[in-house]
> 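This is the structure I want to talk about, given as structure tokens.
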Amino acid sequence: VCCSGAGSVVFKSRAGVLVVRDGGIWMGGELVDWREAKVHVLSHALHYASSVFEGERAYNGKIFKSREHNERLFKSAEALDMPMPISLEELEAAKQETLKKSGLEDAYVRVVVWRGSGEDMGVASAANPVRVAIAIWPWGAYYGDAKMQGAKLDIAEWKRPSPETIPVHAKAAGLYMICTISKHKAEAKGCSDALFMDYRGYVAEATGANIFFVKDGEVHTPTPDCFLNGITRQTVIGMLKDKGINVNERHIMPEELESFQQSWLTGPAAELTPVGQIGDYHLQVRALTRRIAHDYEQLVRVISFRNIRDAPAPAELKHRPPPSCHHPLPQGRAGPRAGAAPH
Ligand code: PMP
């Protein structure tokens, strides 16, 4: 706890995220005090990862691409056989109400849908209610200083799984198990995040963001055939194409990383964060990365229809070579993982 006052407590987490424990969390139709927004310990989701969610950002009081996030949430719930207890319109209204009541203009929006507690404590959970909550809090740069200097990425030991293994396009809690393990390992090595290869050995994505590369003025990004085709990713691809820049969506081999000159990550939390290092390879934060980061910042604020002329110019991005993550890059295509876990 870094400070507290009448009715509010502000936490500063290890990652530097300020969580204002004040105001309401929307739960099942009403705004509940932040401290009272509780779930039962026998919630099915806690035991079996029966949970889907969205992460979004509001700029100038307007949620960016809210409809797209709502639609993905409904698809994710369907993939996990969880009937949504509210309509798309009700969800949108609830998000707007929670944002308005929060009093925040720029904020992170987390919607979570999960199987609650009930008769079923086994794997099947059709008898347990599906519940929805919306929490909104201020969240600065997800990668901290990396937004300016370029993030350092470790190479994850786990692989993004095959679409035959799990519903890979659902934004579902279970898919984040390997993300948390990999990000912990990366942070312990002084990196900001980890980059996954997929089950075939192709470059995939980071633990909570998609990845782009620049080579000789063209952009390359992995085909999202076994991970989220990010809403931010699609926005950025549209921006690049509008500028007449070639975007190659394709399978990328890890050996190619050495040949890329620039790279960045995209996602609602990451926004557009430059990458300065992947494994032992160094990348530069150069003009195209700076321009797209700047234009993305402008876009999310233009779309909010307000205060665009007051939008602050992004600080100059500087490249400083970060220290090594000391992790060898995988060579060649990885075969199917044989039996034992790679740890
Ligand atoms: N991949 C993963 C694993 C993520 O968690 C996210 C953030 N939701 C993304 C990609 C980016 O997706 P989007 O821009 O659609 O939110």
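If you're wondering where the values come from, they're calculated on a predicted model, not measured in any experiment. Starting from 1, each residue takes its place in the sequence as its number. Atoms within each ligand, like the ligands themselves, are counted from 1 in listed order.
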> Using distance alone, determine whether T232 and ligand 1 share an N or O pair under 3.5 Å.
yes
> Show your reasoning for whether side-chain hydrogen bond (donor to acceptor under 3.5 Å, both in side chains) applies to D198 and H251.
CA-CA 10 Å; D198 73 16; H251 290 138; 5.5 Å; no
> If you have a sec, work out which protein heavy atom is nearest atom 8 (N) of ligand 1 and how many Å separate them, to one decimal?
K171 NZ, 2.7 Å
> For atom 13 (P) of ligand 1, which of the options N229, I231, N210, L228 provides the nearest non-hydrogen atom?
I231
> Any idea which part of T207 is under 4.0 Å from ligand 1, heavy-atom wise: side chain, backbone, both or neither?
backbone
> Applying side chain to side chain donor-acceptor pair (under 3.5 Å), can you list everything that pairs with K171, at least two apart in sequence or on another chain?
Y176
> Looking only at heavy atoms, is any part of C179 under 4.0 Å from ligand 1, and if so is it the side chain, the backbone, or both, or is it neither?
neither
> Would E271 and Y59 count as a side-chain hydrogen bond (donor to acceptor under 3.5 Å, both in side chains) here? Give the steps.
CA-CA 12 Å; E271 299 174 294; Y59 299 91; 2.4 Å; yes
> Checking a contact table here: which protein heavy atom is nearest atom 10 (C) of ligand 1, and how many Å away?
E205 OE1, 3.4 Å
> Per the side-chain hydrogen bond (donor to acceptor under 3.5 Å, both in side chains) rule, what does the pair list look like for residues 236-245, sequence neighbours excluded?
K243-D295
> Evaluating non-hydrogen atoms only, which member of G208, P224, G267, G230 is closest to atom 6 (C) of ligand 1?
G208
> Below 4.0 Å, non-hydrogen atoms only: which portion of F227 touches ligand 1? Side chain, backbone, both or neither.
neither
> Tell me, yes or no, whether the heavy-atom count around M177 atom CE, taken from other residues, nucleotides or ligands under 6.0 Å, exceeds 12.
no
> Which residue holds the protein heavy atom closest to atom 16 (O) of ligand 1, what is that atom called, and what is the gap in Å?
P268 CD, 2.9 Å
> How about N248: does its CG atom have over 12 heavy atoms from other parts shown lying under 6.0 Å from it?
yes
> Please check if the number of heavy atoms outside E218 that lie under 6.0 Å from its CD is greater than 12.
yes
> How far is atom 5 (O) of ligand 1 from its nearest protein heavy atom, and which residue and atom name does that atom have?
Y176 OH, 2.4 Å
> Is the closest heavy atom of R72 to ligand 1 under 4.0 Å?
yes
> Taking N229's backbone N and O only, do any of them form a donor-acceptor pair with Q234's side chain (distance below 3.5 Å, no angle check)?
yes
